[in-house]
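Structure, as structure tokens:
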Amino acid sequence: MQVTMLVIGGVGILLLVVSLVLGDLVDGFLDGIGPDALSGLAVAGFLAAFGFVGALVLDAGASSGVAIGAGVVAGVAAGGGAGWASSRLMRGGDEATVRTAGLVGLTGTVVEPVPAEGYGMVSVVAAGHITRLNARAGEPLPSGAAIVVTGVLSPTAVTVARRAD
């Protein structure tokens, strides 16, 4: 029984390595089975913890039933933690949409000079995205000048002022 538990643990480690190298392939097999948290990493974590903890408990002199129970508890904890962590990591960054109303007050930099009459271009970070916008200002602004957005003219154009540092 102890050898069986060690083999199960070894299969978990092997699946872990395969999941890390070919993650999308392994996760493709699990797509229809359950939630996003059921990933190759979660299954690998469960199998490895189940097998190795079960083998340790058997080695300590416990019965097969106790070893299986301890393995299941450890496997659920390890698999659940790995599944939660992998789903959080795969979710990615902030996917928020840039809204024009949220541009006012943002700071940025002039990318193309803003003339006294006409448009230049500025770069601001909005909702985690670098956004380039056409810009007008009350005074000419050279490239590299620090600015603050003071108003929104359209979805692609704003008014700006030199930022006082």
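Given the structure is predicted, the values throughout are model-derived calculations rather than measurements. Residue numbers count from 1 along this sequence.
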Which hydrophobic side chains are connected to [X], either touching it within the sub-4.5 Å cutoff or through other members that do?
X: V53; answer: V57, V66
X: V73; answer: none
X: I130; answer: V125

Notebook entry, point to check: Is there side-chain contact between V122 and V158, with heavy atoms separated by less than 4.5 Å?
Noted result: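 Side-chain contact under 4.5 Å: yes.
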Margin query: So L133 and M121, do their side chains get closer than 4.5 Å, heavy atoms only?
Written below: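 They are not in side-chain contact.
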Among all residues two or more places apart in sequence or in another chain, which pass the side-chain contact (heavy atoms from CB on, under 4.5 Å) test with [X]?
X: F46; answer: F50, V76
X: L16; answer: L20, L41, A44
X: V104; answer: V152
X: T109; answer: none

Margin query: If I take atom CG from residue L58 and atom OG from residue S63, how far apart are they, to the nearest 0.5 angstrom?
Written below: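 Output value for this atom pair is 8.0 Å.
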Check: What pairs meet the salt bridge (Lys or Arg N to Asp or Glu O under 4.0 Å) rule with one or both residues in residues 134-147, with sequence neighbours excluded?
Finding: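 Listed by first then second residue: E139-R162.
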Margin query: According to salt bridge (Lys or Arg N to Asp or Glu O under 4.0 Å), does anything in residues 54-70 pair up with another residue at least two apart or in another chain? List the pairs.
Written below: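 Applying salt bridge (Lys or Arg N to Asp or Glu O under 4.0 Å) to every pair that reaches into residues 54-70, excluding sequence neighbours, yields nothing.
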Next item on the list: Could you tell me whether the side chain of E112 and the main chain of G120 form a donor-acceptor pair under 3.5 Å?
Entry: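 Pair absent, no side-chain N/O of E112 close to backbone of G120.
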Contact summary for [X] and [Y], nearest pair of heavy atoms:
X: Q2; Y: A55; value: NE2-O, 3.3 Å
X: A135; Y: V114; value: O-CG1, 3.6 Å
X: Y119; Y: L153; value: OH-CD1, 3.9 Å
X: L47; Y: G12; value: CB-CA, 3.7 Å
X: A74; Y: A49; value: O-CB, 3.5 Å

Check: Can you list the residues that meet the side chain to side chain donor-acceptor pair (under 3.5 Å) rule with T107, with sequence neighbours excluded?
Finding: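 Testing T107 for side chain to side chain donor-acceptor pair (under 3.5 Å), a comparison that skips the adjacent residues, returns R163.
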Next item on the list: Show your reasoning for whether side chain to side chain contact (heavy atoms under 4.5 Å, CB included) applies to V149 and V124.
Entry: CA-CA 9 Å; V149 177; V124 297; 4.0 Å; yes
With hydrophobic residues grouped by side-chain heavy-atom distances under 4.5 Å, do [X] and [Y] end up in a single group?
X: L141; Y: V148; result: no
X: M5; Y: V11; result: yes
X: I68; Y: I8; result: yes

Margin query: Per the ring-ring contact (aromatic ring centres under 6.0 Å, His included) rule, what does the pair list look like for residues 146-165, sequence neighbours excluded?
Written below: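 For residues 146-165: none.
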Margin query: Listing request: all side-chain hydrogen bond (donor to acceptor under 3.5 Å, both in side chains) pairs with a residue in residues 140-151, at least two apart in sequence or in separate chains.
Written below: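 Qualifying pairs, neighbours excluded: T150-T159.
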Next item on the list: Step by step, work out the side chain to side chain contact (heavy atoms under 4.5 Å, CB included) result for V160 and V110.
Entry: CA-CA 10 Å; V160 298; V110 175; 5.7 Å; no
Check: Yes or no on side chain to side chain contact (heavy atoms under 4.5 Å, CB included) for L103 and L106, after CA distance, side-chain angles and deciding distance?
Finding: CA-CA 6 Å; L103 296 174; L106 294 179; 3.8 Å; yes
